[in-house]
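Notes to accompany the following structure.
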Amino acid sequence: MPEWLNDAVFYEIYPQSFYDSNGDGIGDINGIREKIPYIKSLGVNALWINPCYDSPFKDAGYDVRDYKKIAPRYGSNGDMAELFKEAHSAGIRVLLDLVPGHTSEEHEWFRRSSETTKNEYSNRYIWTEHAFDGGFPFNYVAGETERPGAYLLNFFKCQPALNYGFGERTSSWQLPPDHPDCIATREAIKDVMRFWLDMGCDGFRVDMADSLVKNDDENKSNTCAVWQDIRQMLDREYPNAAIVSEWDNADQSMNAGFHMDFTLNNGGTGYSTLFRDYINHGEWLTAGCKEGPDADFGAKEGDGEEKRLGILSERDKSFFRKDAGGDISLFLKDYESRLASARGRGYVSLITGNHDTPRLNFLMDDRERRLAFAFILTMPGVPFIYYGDEIGMRYFDGMRSKEGGFHRTGSRTPMQWDETENLGFSTADKSLLYLPVDPASDHVTVASSEDDPDSLLNFVRSLIDLRHSTPDLMASGEYHTVHGEKGDSVYIYRRGSFLIAINTSGREARTLIPETESESLSGNQIFNLGEASLDGSVIVTGPQSFTVFE
């Protein structure tokens, strides 16, 4: 286990939207380099950069055309090498996004695999023997190449699935995971990882990490075996490199050898009940995201969008929304089993959001977001902050889809730096911008936040500083729930010698805790938002408050 993860706080950067250094309207690698002083000032000490490899960008770079080449719109391999070097000089580690499950249909591997003549790449992807095998199941494509078979997709039509084999095999063209051609796929991904690690990369966030071996058993044992083999390579050759999985199952992810696993909402877990409970109701995805040439940043008076957002707000029962009636126990039931699975093997990672989720401020106000940040940055595991969340950037519901983003596009708008042209993101004409910047008169920027001592940005900085200066609050610090009852707005948890209390309601609350928890407390508060006090074994928490008792 890389020791540096215990004190790591990650910052996710969507490269095309972070900072444009050359005025072409698209963020780039040198733009990230120029903003290293800002990144360091946040207190974060690790980056996750979304895919920046050569790509036709039909899925925002998750359709890789060349794993070993930086996309020209972002710069060059030399620019990335310099970013690694400068970030390391600032004490910042850098993880790249690894996409091992599929490539672009324009990748040279797929071009060779599509040939009718058998070659070393023929089984690099999953092909049926004949075009009509299976009667054109929805996730197979035929008729696009000269090869007579149909190929399996992992996501969009442009993303053919790489071949790691099948756990359960029902057709002759389905290879076992230990077939030499499936092993060759694994070795090719190792080769990609070595290429960037040798350049200075510190590890990888792995896209769809659980999707490699098809028809796997319920424990994903064959997919785990692939990653175990890769982990052995890392331990042997790059012991300080870290890998974090998009798996959303800590037990399987840790069995596979990952150092961290994201807590998401892929399986209907309790994570969304914290900040995005409307997703549990299915409303966000089904209530009519506006697409097409007339789509804009959101609601216009009289167009029905305002009413829809009102309905979402009424139905949202997120725990961190004031008086919404949220239930922390829905999250804890799942989360604490994840922690138990990961203990001693790796970390469970909470996120403020990412490029696939609505931003925290979609239905949450400033106070609610502060409580959410306080929670995320004082829980165990390795936290991840999505760029712009630290200043309170908006999620734009109903934005026109860009590069396969669809409803996710509203979380991918340019970083808002200052009041200069395009909010400081780019000097390009606004018609050339990757996505529009926030047009609202009350938009927030880094510059305005820097000047305001009470800004969300400075609040987040103070939390990160608290975490770095307090070993008990780091990733591996002791944790257990003290109070987290169903239907209660108060959540109290122990981190080592500290007791942390959150009250998400608009009312004062008095909560009795066990004497064994209260007798070791001095009553001193090392961090607070709002009012709180300790009265014997009763913790009094003010409305929408967060307190760390020593």
Side-chain angles (χ1 to χ4, degrees), residues 1 5-6 8-12 46 48 95 97 204-211 220 224 227 242-280 284 317-320 326-360 362 364 369 371-386 389 408 411 463 467 473-477 479-481 484 491 493 495 500 502:
M1 174 71 67
L5 287 175
N6 187 46
V9 177
F10 275 85
Y11 188 70
E12 179 191 351
W48 157 29
L95 268 58
D97 217 321
F204 301 90
R205 174 267 188 185
V206 179
D207 181 64
M208 295 175 63
D210 62 334
S211 71
K220 299 291 182 77
C224 285
W227 288 115
I243 46 176
V244 55
S245 59
E246 184 188 34
W247 198 304
D248 203 24
N249 184 316
D251 185 46
Q252 292 180 3
S253 172
M254 300 303 142
N255 284 343
F258 282 90
H259 302 105
M260 299 169 280
D261 183 48
F262 287 125
T263 295
L264 303 168
N265 197 54
N266 293 344
T269 66
Y271 170 72
S272 67
T273 65
L274 296 173
F275 324 117
R276 300 173 179 88
D277 191 60
Y278 48 85
I279 294 178
N280 280 354
W284 176 59
K317 303 300 180 185
S318 298
F319 177 72
F320 281 90
D327 187 351
I328 190 67
S329 68
L330 295 174
F331 164 74
L332 292 177
K333 179 180 179 181
D334 175 81
Y335 176 72
E336 293 186 344
S337 68
R338 292 174 185 245
L339 286 183
S341 295
R343 188 170 294 119
R345 298 191 292 167
Y347 298 119
V348 174
S349 288
L350 296 177
I351 62 173
T352 64
N354 64 26
H355 59 290
D356 288 336
T357 67
R359 289 188 179 273
L360 277 176
F362 181 35
M364 293 174 67
R369 291 196 301 274
L371 290 176
F373 264 105
F375 167 80
I376 290 170
L377 290 170
T378 57
M379 289 290 280
V382 182
F384 283 70
I385 298 171
Y386 186 48
D389 280 355
R408 304 171 297 176
S411 291
L463 282 165
R467 185 181 179 96
L473 298 182
M474 293 179 186
S476 60
Y479 158 89
H480 66 262
T481 292
Y491 174 45
Y493 52 105
R495 294 301 316 279
I500 300 172
I502 300 174

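The model shown is predicted, which means the values in this text are computed figures rather than measured ones.
- The aromatic rings of F10 and F384 sit parallel, their planes meeting at an angle under 30°, below the 60° perpendicular limit.
- Contact record, G484 with Y491: CA-CD1, 4.2 Å, taken as the closest heavy-atom pair.
- Between the CG atom of L360 and the CD1 atom of I376 there is a distance of 6.0 Å, given to the nearest 0.5 Å.
- Between the S341 side chain and the S337 main chain, a donor and an acceptor come within less than 3.5 Å of each other.
- In plain terms, the two heavy atoms of N6 and M474 that are nearest each other are O-CB, 3.2 Å.
- The minimum heavy-atom distance between L473 and R495, with the atom names listed, is O-NH1, 3.5 Å.
- The nearest pair of heavy atoms linking M260 to S349 is CB-OG, 3.9 Å.
- When T352, N354, D389 are each tested for a side-chain hydrogen bond (donor to acceptor under 3.5 Å, both in side chains) with R359, only one passes: D389.
- A heavy-atom distance below 4.5 Å is not found between the side chains of P380 and Y493.
- Of the possible polar contacts, none joining the R338 side chain to the A250 backbone as a donor-acceptor pair under 3.5 Å is found.
- Using the six-membered ring where Trp is involved, F320 and F375 have ring planes that are tilted, between 30° and 60° apart.
- Here the straight-line distance linking atom CG of D334 with atom OG of S329 works out to 12.0 Å at 0.5 Å rounding.
- To the nearest 0.5 angstrom, S272 atom OG is 14.5 Å from F319 atom CZ.
- With Y347 as the partner, the side-chain contact (heavy atoms from CB on, under 4.5 Å) test is satisfied by one option alone out of H259, M1, M254: M1.
- Here the side chains of W48 and D97 are in contact, with some heavy-atom distance below 4.5 Å.
- Looking only at side-chain heavy atoms (C-beta outward), L95 and I243 stay at 4.5 Å or farther from each other.
- No donor-acceptor pair under 3.5 Å is formed between the side chain of S411 and the backbone N or O of H355.
- Under 4.0 Å is where a charged nitrogen must lie from a carboxylate oxygen, and between R345 and D251 at least one such pair does.
- The side-chain heavy atoms of L350 and P383, taken from C-beta on, include no pair separated by under 4.5 Å.
- Separating the CD atom in E246 from the CG atom in D261 is a distance of 9.5 Å, to the nearest 0.5 Å.
- Taking 4.5 Å as the limit, some side-chain heavy atom of P358 sits within range of a side-chain heavy atom of R276.
- Residues G270 and F331 come closest through the heavy atom pair O-CB, 3.7 Å.
- Not one N or O on the side chain of W247 forms a donor-acceptor pair closer than 3.5 Å with the backbone of A256.
- Taking the six-membered ring where the residue is Trp, Y271 and F275 present perpendicular rings, their angle passing 60° and hence far from 30°.
- One finds the CG atom of D356 at 4.5 Å from the CZ atom of R408 (value rounded to the nearest 0.5 Å).
- Residues Y386 and I351 are not in side-chain contact: their nearest non-hydrogen atoms beyond the backbone lie 4.5 Å or more apart.
- E12 approaches G353 most closely through the heavy-atom pair OE1-O, 3.9 Å.
- Rounding to the nearest 0.5 Å places NZ of K317 at 13.0 Å from CG of L330.
- No side-chain heavy atom of T273 sits less than 4.5 Å from a side-chain heavy atom of D327.
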